[in-house]
Amino acid sequence: LEKMTDLVAVWEVALSDGVHKIEFEHGTTSGKRVVYVDGKEEIRKDWMFKLVGKETFTVGACKTKATINIDAVGGFAYEYTLEINGKSLKKYMENRSKMTNTWILSLGGTDYRVVLEKDTMDVWCNGQKMETAGEFVEDGTETHFSVGDHSCCIKAVSSGKRKEGIIHTLIVGDREIPEAVE
């Protein structure tokens, strides 16, 4: 494995199937561009005469579209920005926090990252889409699934306030898990 001498940017992107690390090498003398996702080479271009431009690739199990924009900022300086699904990383993550809930928990010495996609009610755990069973209960809905030999339930109840909408709570056994902020 060659030393990443031209590493110019590293981003961490939290998606439903996990947190992905994106690394970008840009050789401004050789014109080389290399994109790594989770340590795996996705794109390699050598001897590019045009030093500005963009590289587009996918990230994660859902093949989320990502683009690295390379812009010149004076002289021989460059700026690198990452877009996810056509939005700046910051905008994408702000949007995502409205569309998903994430919980981090430890069960029997193993760490789990549980993500609820509110629009589809899909539940992901450590990169796997979970088999779930939903049911209506008196005050809302419950989505049941298992993590290892632990039964889990995401309760969805109305906050009673229009602006807040529905409150989702993860319960494992009889323990309420606090939501994580990513």
Say you draw a straight line from NE2 of His20 to CD1 of Ile22; how long is it, rounded to the nearest 0.5 Å?
8.5 Å
What's the spacing between Lys32 NZ and Lys45 NZ if we round to 0.5 Å?
14.5 Å
May I ask you to check whether over 12 heavy atoms, not counting those of Glu135, lie within 6.0 Å of atom CD?
yes
Under 4.5 Å between side-chain heavy atoms, hopping through other hydrophobics if needed: is there a path connecting Trp11 to Ile43?
yes
Donor-acceptor contacts under 3.5 Å from residues 59-70 side chains, at least two apart:
from, atom 1, to, atom 2, distance (Å)
Thr67, OG1, Thr56, OG1, 3.1
Asn69, ND2, Glu83, OE2, 3.1

Nearest heavy-atom pair of Thr58 and Glu42: which atoms, and what distance?
O-OE1, 4.5 Å
Hydrophobic cluster identity match, Trp103 and Met121, side-chain contacts under 4.5 Å:
yes
What are the two closest non-hydrogen atoms of Gly165 and Ser159, and how far apart are they?
O-OG, 2.7 Å
For Arg33, which residues count as a salt bridge (Lys or Arg N to Asp or Glu O under 4.0 Å) partner, sequence neighbours excluded?
Glu55
Got a second to check how far Glu179's CD is from Leu116's CG, nearest 0.5 Å?
9.0 Å
Separation between CG of Asn95 and NZ of Lys90, rounded to the nearest 0.5 Å:
11.5 Å
Nearest heavy atoms of Ile166 and Ala156, plus distance in Å:
CG2-CB, 3.8 Å
If we ignore hydrogens and angles and just use 3.5 Å, is the side chain of Asp111 paired with the main-chain N or O of Asn126 as donor and acceptor?
no
Between Arg113 and Ser16 the two heavy atoms that sit nearest each other are NH1-O, 3.6 Å
Any side-chain heavy-atom pair from Leu170 and Leu105 closer than 4.5 angstrom?
yes
To the nearest 0.5 Å, how far apart are OG1 in Thr28 and CG in Asp6?
7.0 Å
Between Lys155 and Glu142, is there a salt bridge with N-O shorter than 4.0 Å?
yes
Would Ile177 and Ile167 show up in the same hydrophobic cluster when neighbours are defined by side-chain heavy atoms closer than 4.5 Å?
no
Closest non-hydrogen atom pair, Val114 against Cys125:
CG2-SG, 4.1 Å
For side-chain contact (heavy atoms from CB on, under 4.5 Å), just list the numbers for Glu25 and Tyr36, CA-CA rounded to whole Å, side-chain angles, deciding distance to a tenth of an Å, and then say yes or no.
CA-CA 8 Å; Glu25 284 184 39; Tyr36 297 93; 3.1 Å; yes
Between Lys118 (side chain only) and Lys98 (backbone N and O only), is there a donor and an acceptor less than 3.5 Å apart?
yes
Do Ile84 and Val13 have side chains that get closer than 4.5 Å, going by heavy atoms?
yes
If we only count heavy atoms from C-beta on, is the Arg96 to Asn85 side-chain gap below 4.5 Å?
no
Provide the full list of ring-ring contact (aromatic ring centres under 6.0 Å, His included) pairs with a residue in residues 45-80, sequence neighbours left out, each pair given once.
Phe24-Tyr80, His26-Tyr78, His26-Tyr80
Applying ring-ring contact (aromatic ring centres under 6.0 Å, His included), which residue pairs with at least one partner in residues 133-182 are found, sequence neighbours left out?
none
Going by the rule side-chain contact (heavy atoms from CB on, under 4.5 Å), which residues pair with Asp139 if we only count those two or more places apart in sequence or in a different chain?
Val137, Val157
For the CD atom on Glu94, are there more than 12 heavy atoms of other groups (residues, nucleotides or ligands in this structure) within a distance under 6.0 Å?
yes
May I ask whether Leu15 and Met93 are part of the same hydrophobic cluster, defined by side-chain heavy atoms of I, L, V, M, F, W, Y residues being less than 4.5 angstrom apart, directly or through others?
yes
Let me check something: do Trp124 and Tyr112 share a hydrophobic cluster, defined by ILVMFWY side-chain heavy atoms less than 4.5 Å apart, either directly or through other members?
no
My understanding is that only residues two or more places apart in sequence, or in another chain, count here; which of them pass side-chain hydrogen bond (donor to acceptor under 3.5 Å, both in side chains) with Ser146?
none
Identify the two heavy atoms, one from Ala180 and one from Ile104, that lie closest to each other, and give their separation to 0.1 Å.
CB-CG1, 3.5 Å
Can you tell me how far apart CE (Met99) and OH (Tyr92) are? Round to the nearest 0.5 Å.
10.0 Å
